[in-house]
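First the structure, in the form of structure tokens, and then the observations on it.
Side-chain atoms are counted along with the backbone in the values below, which use heavy atoms only and exclude waters and symmetry mates. Start at 1 and go down the list; that is how both ligands and their atoms are numbered.
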Amino acid sequence: MSFDTTAANRLLHRFDDHDSLWLFGYGSLIFKADFPFIERRPATIGGWERRFWQGSHDHRGTPDAPGRVLTLVPQAGAVCDGMAYLITPQVFDHLDHREKNGYLRFTTTLTFDDGGSADGLVYIAMDDNAAWLGPASDRSIVDQIDAASGPSGRNRDYLLDLAAALRALGKHDPHVFALETLLLAPALHPSSEPTEPQ
Ligand code: BEZ
């Protein structure tokens with residue numbers, strides 16, 4: 001159910017000739033930057049969409065009751081908004097550990113909202129990783145998120161914090177905002193449903 005990707009990530013890239021690198025954040029890295037960075041700039045990457053399709057057994061859930069967190073899935077023509085961080089290579093030790101439940105680093109081109117572009121890295125959990133959950137109805141995703149909690153806090157706060165962070169950046173993500181709306185909608189109970197006059 002979980003698979004530690006720390007060692008695999010260490011083999012993926014050599015940072016010897018870099019003083020700093022760009023990292024693209026599209027999920028918790030937007031609202032929880034618990035690492036030192038040199039600068040950050042709103043940015044996008046092309047060809048990927050956010051989805052709550054990755055299981056979280058270590059942060060927003062447990063092995064018995066996993067939560068759902070974000071990954072990216074390929075989608076031709078899509079543009080994913082996020083935050084770019086310029087960091088030193090040493091920061092990857094922390095990030096590889098934090099994102100060890102199935103995420104691998106990939107190289108990509110970042111386009112900065114204020115102009116220009118740069119090569120950078122992004123963590124993505126692919127559909128062959130052991131913690132992959134995959135697609136489900138919005139209702140079932142929200143029910144799982146609402147119920148789950150782990151060492152990093154409630155899964156629902158991950159969704160709400162992400163939606164708030166995207167809104168603060170002036171970004172719209174239909175998948176995230178639809179789940180947020182469903183999560184915050186008052187629950188329908190049989191007793192609150194309209195009844196036919198007798
Ligand atoms: C991100 O915010 O970029 C991110 C989300 C999940 C795992 C790793 C990174």
Side chain to side chain contact (heavy atoms under 4.5 Å, CB included) involving A164 - partner list, sequence neighbours excluded:
none
Are any protein N/O atoms closer than 3.5 Å to the N/O atoms of ligand 1? If there are, list each pair with names and the distance to one decimal place.
from: ligand 1; atom 1: 2 (O); to: Y26; atom 2: N; distance (Å): 3.3
from: ligand 1; atom 1: 2 (O); to: G27; atom 2: N; distance (Å): 2.6
from: ligand 1; atom 1: 2 (O); to: S28; atom 2: N; distance (Å): 3.2
from: ligand 1; atom 1: 2 (O); to: L29; atom 2: N; distance (Å): 2.9
from: ligand 1; atom 1: 3 (O); to: Y26; atom 2: N; distance (Å): 2.9

Non-neighbouring partners of D113 that pass side chain to side chain donor-acceptor pair (under 3.5 Å), sequence neighbours left out:
K171
Students often mix this up, so state it plainly: with edges at 30° and 60°, are the rings of H94 and F35 parallel, tilted or perpendicular?
tilted
What residues form a side chain to side chain donor-acceptor pair (under 3.5 Å) with Q90, not counting sequence neighbours?
T88
If the threshold is 4.0 Å, N to carboxylate O, is there a salt bridge linking R154 and D146?
no
Between H57 and N101, do the side chains contain a donor N or O and an acceptor N or O under 3.5 Å apart?
yes
